[in-house]
Protein chains: 2
Amino acid sequence: MKWSDLSDNWCPVARALSIVGDRWTLLILRDCFLGMSRFEQFIESSGMTRHILADRLKRLVEAGILERKAYSTSPKRYDYVLTDKGQELAPALLTLRDWGKKHMPVRRTTSA
Amino acid sequence: MKWSDLSDNWCPVARALSIVGDRWTLLILRDCFLGMSRFEQFIESSGMTRHILADRLKRLVEAGILERKAYSTSPKRYDYVLTDKGQELAPALLTLRDWGKKHMPVRRTTSA
DNA sequence: AAGGTAAGTTTCGTTTTGGAACTATGGCAA
DNA sequence: TTGCCATAGTTCCAAAACGAAACTTACCTT
């Protein structure tokens with residue numbers, strides 16, 4: 001079965017994951033909740049490659065989770081901002097954060 | 001940057017995603033919360049392929065999210081059951097479920 | 001002996017990802 | 001008015017992950 005077929009799954013968790021459950025997507029949304037909205041900000045913050053980011057942004061906009069708002073017309077430039085639908089993912093991010101804090105300690109690479 | 005490098009990220013969301021944020025993993029955990037515990041159950045329920053499931057189960061056991069409990073020794077067979085660490089992912093699944101229910105309606109393929 | 005069940009493993013061809021370079025558009029400074 | 005910088009992508013290629021299906025192992029039933 002293809003991952004993309006999940007969008008029609010009977011299970012709401014599966015449908016949610018069909019758009020938000022792949023590599024990087026939730027990390028972009030985390031950055032949005034931290035106030036970021038631009039391509040280069042996402043790149044620097046997340047460490048993902050440029051063309052994966054471009055792909056994810058497109059998908060998030062198509063899914064109605066982010067909205068693409070021009071902040072410059074001369075060279076066309078856009079802010080990517082959370083829609084209401086996107087805003088409502090906050091609880092999911094927060095529960096993941098709490099779980100990560102509690103159960104995924106930073107194992108420091110014994111340096112120095 | 002490699003996806004697997006996220007486990008050392010400063011951000012607890014990123015660290016959580018390093019283990020739980022790839023394709024299929026959260027779907028397996030959903031099945032666990034629905035009471036499933038065996039290989040063939042996961043296969044039938046999720047629609048993923050066998051060797052991907054085998055890989056994910058191994059990673060989840062290594063991460064201490066699932067525990068491998070023998071239910072038969074003659075042919076060695078195991079149940080995969082949630083540890084406490086795994087149980088505590090329930091809120092994350094529930095918030096995703098709620099979001100999916102609200103924002104990802106099943107679009108039925110205009111059949112019949 | 002033949003077939004069935006459960007849990008993987010292997011193989012192979014297709015997608016997705018990572019890394020880096022390249023393009024487009026305009027601002028600004030020399 | 002040429003040259004450099006910034007932003008936001010796009011393109012190319014090699015490496016890794018994935019999907020489908022067949023194969024394996026170990027036992028059990030008929």
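The sequence lines fix the lettering, A, B, ..., with proteins before strands; numbering per chain opens at 1.
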List the residues meeting side-chain hydrogen bond (donor to acceptor under 3.5 Å, both in side chains) with B:Ser7, not counting sequence neighbours, and say none if there are none.
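Partners of B:Ser7 under the side-chain hydrogen bond (donor to acceptor under 3.5 Å, both in side chains) test: A:Arg107.
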Taking only side-chain nitrogens and oxygens of A:Tyr80, does any of them come within less than 4.0 Å of OP1 or OP2 of D:dG9?
yes
If the sugar-phosphate is the primed atoms plus P, OP1 and OP2 and the base is the rest, what is the B/S/- string for nucleotides 25-30 of chain D, using protein heavy atoms under 4.0 Å?
-BS---
Rounded to the Å, how far apart are A:Leu66 CG and D:dA8 C1'?
16 Å
Between which nucleotides of DNA chain C, read 5' to 3', does contact with chain B run, using atoms under 4.0 Å from its heavy atoms?
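It runs C:dA6 to C:dG19.
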Does any non-hydrogen side-chain atom of B:Leu26 lie less than 4.5 Å from one of B:Leu93?
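Yes, at least one pair of side-chain atoms sits under 4.5 Å.
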Side chains of A:Leu17 and A:Trp3, heavy atoms from C-beta outward: is any pair under 4.5 Å?
yes
Once salt bridge (charged side-chain N to carboxylate O under 4.0 Å, His left out) is applied, do any residues pair with [X], and if so which ones, sequence neighbours excluded?
X       : result
A:Arg15 : none
A:Lys58 : none
A:Asp31 : none

With A:Ala14 via side chain to side chain contact (heavy atoms under 4.5 Å, CB included) - residues at least two apart:
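So A:Ala14 forms a side chain to side chain contact (heavy atoms under 4.5 Å, CB included) with A:Leu6, A:Asn9, A:Cys11, B:Leu27, B:Arg30.
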Quick one: list whatever passes side chain to side chain contact (heavy atoms under 4.5 Å, CB included) with B:Asp5, sequence neighbours left out.
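So B:Asp5 forms a side chain to side chain contact (heavy atoms under 4.5 Å, CB included) with B:Met1, B:Lys2.
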Nearest-0.5 Å distance, CD1 of residue A:Ile52 to CG of residue A:Leu57:
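One gets 11.5 Å once the value is rounded to the nearest 0.5 Å.
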Listing, residues 32-42 of chain A side-chain donor-acceptor contacts under 3.5 Å, not counting sequence neighbours, or none:
from, atom 1, to, atom 2, distance (Å)
A:Ser37, OG, A:Asp79, OD1, 2.8
A:Arg38, NE, A:Asp79, OD1, 2.8
A:Glu40, OE2, A:Arg50, NH2, 2.6
A:Gln41, OE1, A:Ser37, N, 2.9
A:Gln41, OE1, A:Arg38, N, 2.9

Taking the nucleotide of DNA chain D with the nearest heavy atom to each, does B:Lys2 or A:Tyr71 sit closer to the 5' end?
A:Tyr71
Walk me through whether B:Leu82 and B:Leu89 qualify under side chain to side chain contact (heavy atoms under 4.5 Å, CB included).
CA-CA 10 Å; B:Leu82 290 162; B:Leu89 277 166; over 6 Å; no
Of residues 9-34 of chain A, the positions that come close to DNA chain D - non-hydrogen atoms, cut-off under 4.0 Å
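Contacting residues: A:Arg23.
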CD/A:Gln87: more than 12 non-hydrogen atoms of other groups inside 6.0 Å:
yes
Just distance, no hydrogens or angles: give the donor-acceptor pairs under 3.5 Å from side chains in residues 64-76 of chain B, sequence neighbours left out.
from, atom 1, to, atom 2, distance (Å)
B:Arg68, NE, B:Tyr80, OH, 3.4
B:Ser72, OG, B:Pro75, O, 2.7

In residues 44-62 of chain B, what residues come within less than 4.0 Å of DNA chain C, judged by heavy atoms?
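Per residue number, the list reads B:Arg50, B:His51.
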